[in-house]
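See structure below.
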Amino acid sequence: MRITIREGGPDDVPAMLAMLDSSVAWLVAQGRPGQWGTKPLSENPKTVESVVRYLEEGWAFVAEADGEPAAALTLTDAPGAYLAHLPPPGEPERYIHWLTSDRRFKGHGVGSALLEHAAEATRRAGVGLLRVDCYAGDDRRLVAYYEANGFTPTQAYTVGDHQWPGQVLTRRVGPPATSVEWRETGRPEGAPPAVQSE
């Protein structure tokens, strides 16, 4: 299977939402509705707004498997407002939002390829810290997934009336940076080109 990573854009929002819905259906089938509930996320206006907002604030990457969208993520320079109660890292960072995949491609490494691409984009921008947060409930399988991809758990948190359990993780991709050069496009200078793997 050939994996190609390309920059995403507004036209990719429907595919990203379909991937989120695929993930919800898979989680429900596994008896794990605690992460995102039981209803398709594409039907939740707040989710749709969040995906679009993060794409507009930063940029998106889409992994294609043999030309078909298989996974995606958005990357910005800060976490979401729901983490405003946590202390900031004290240095420039890149933050991963909405890493999702079409579950038909589970086990083919598309998510790991995207995480590595995000790390390289961060490094080339002269930023040394890449962070992400995820669901930490049930058996912490998602936390373990990020750990297997080079991230280290740092801050646990809960959100909402139901005390949804989350975990912030970090990955050091370079020395701490104090400034970042930006192009007119708002993208970090030196963002990596699309990549391909077999």
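Each residue takes its place number in the sequence, starting with 1.
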Task: Residues forming a salt bridge (charged side-chain N to carboxylate O under 4.0 Å, His left out) with D12, sequence neighbours excluded - done: R6
Open item on the list: The criterion is side chain to side chain contact (heavy atoms under 4.5 Å, CB included); which residues satisfy it with H162, sequence neighbours excluded?
Closed with: none
- [ ] Kindly compute the distance separating CZ (R171) from CD1 (I96), expressed to the nearest 0.5 Å.
- [x] 8.5 Å
Task: Flag, side chain of Y54 to backbone of E49, donor-acceptor distance under 3.5 Å - done: no
Task: R123 and V127: CA distance, side-chain angles, deciding distance, side-chain contact (heavy atoms from CB on, under 4.5 Å) verdict - done: CA-CA 5 Å; R123 185 175 17 262; V127 177; over 6 Å; no
Task: Non-neighbouring partners of Y157 that pass side-chain hydrogen bond (donor to acceptor under 3.5 Å, both in side chains), sequence neighbours left out - done: D133
Open item on the list: Please report the interatomic distance CG(L115) to CG(L99), rounded to the nearest 0.5 Å.
Closed with: 5.0 Å
Task: Those residues that, when tested against E43, pass side-chain hydrogen bond (donor to acceptor under 3.5 Å, both in side chains) (two or more places apart) - done: none
Task: Flag side-chain contact, heavy atom, 4.5 Å: V24 against P40 - done: no
TODO: Using the test side chain to side chain contact (heavy atoms under 4.5 Å, CB included), find all partners of E93 that sit at least two apart in sequence or belong to another chain.
DONE: P79, P89, Y95, L129, R131
TODO: Flag yes if M16 and L41 sit in one hydrophobic cluster, no otherwise; membership is Ile, Leu, Val, Met, Phe, Trp, Tyr, and two members link when side-chain heavy atoms are under 4.5 Å apart.
DONE: yes
TODO: Sequence neighbours left out, what passes side chain to side chain contact (heavy atoms under 4.5 Å, CB included) with T154? Give chain and number order.
DONE: V168, T170
Task: Of all pairs that satisfy salt bridge (Lys or Arg N to Asp or Glu O under 4.0 Å), the ones with a partner from residues 145-155, not counting sequence neighbours - done: none
Throw together a table of side-chain donor-acceptor distances under 3.5 angstrom for residues 69-76, partners on residues two or more places apart or in other chains.
unit_1 : atom_1 : unit_2 : atom_2 : d
T74    : OG1    : H97    : O      : 3.0
T76    : OG1    : A78    : N      : 3.4
T76    : OG1    : A78    : O      : 2.8
T76    : OG1    : H97    : NE2    : 2.8

Open item on the list: Per the ring pair (Phe, Tyr, Trp, His ring centres under 6.0 Å) rule, what does the pair list look like for residues 118-137, sequence neighbours excluded?
Closed with: Y135-W164
Task: Partner set under ring pair (Phe, Tyr, Trp, His ring centres under 6.0 Å) for F105, not counting sequence neighbours - done: none
Open item on the list: Considering only residues two or more places apart or on different chains, which pairs with a residue in residues 28-38 satisfy side chain to side chain donor-acceptor pair (under 3.5 Å)?
Closed with: R32-D139
Task: Set of residues satisfying side chain to side chain contact (heavy atoms under 4.5 Å, CB included) with respect to K106, sequence neighbours excluded - done: W26, R103
Open item on the list: Could you see if W59 belongs to whatever hydrophobic cluster contains V62? Use Ile, Leu, Val, Met, Phe, Trp, Tyr and a side-chain cutoff under 4.5 Å.
Closed with: no
TODO: Examine distances only and state if a side-chain atom of T122 and a backbone atom of A118 form a donor-acceptor pair shorter than 3.5 Å.
DONE: yes
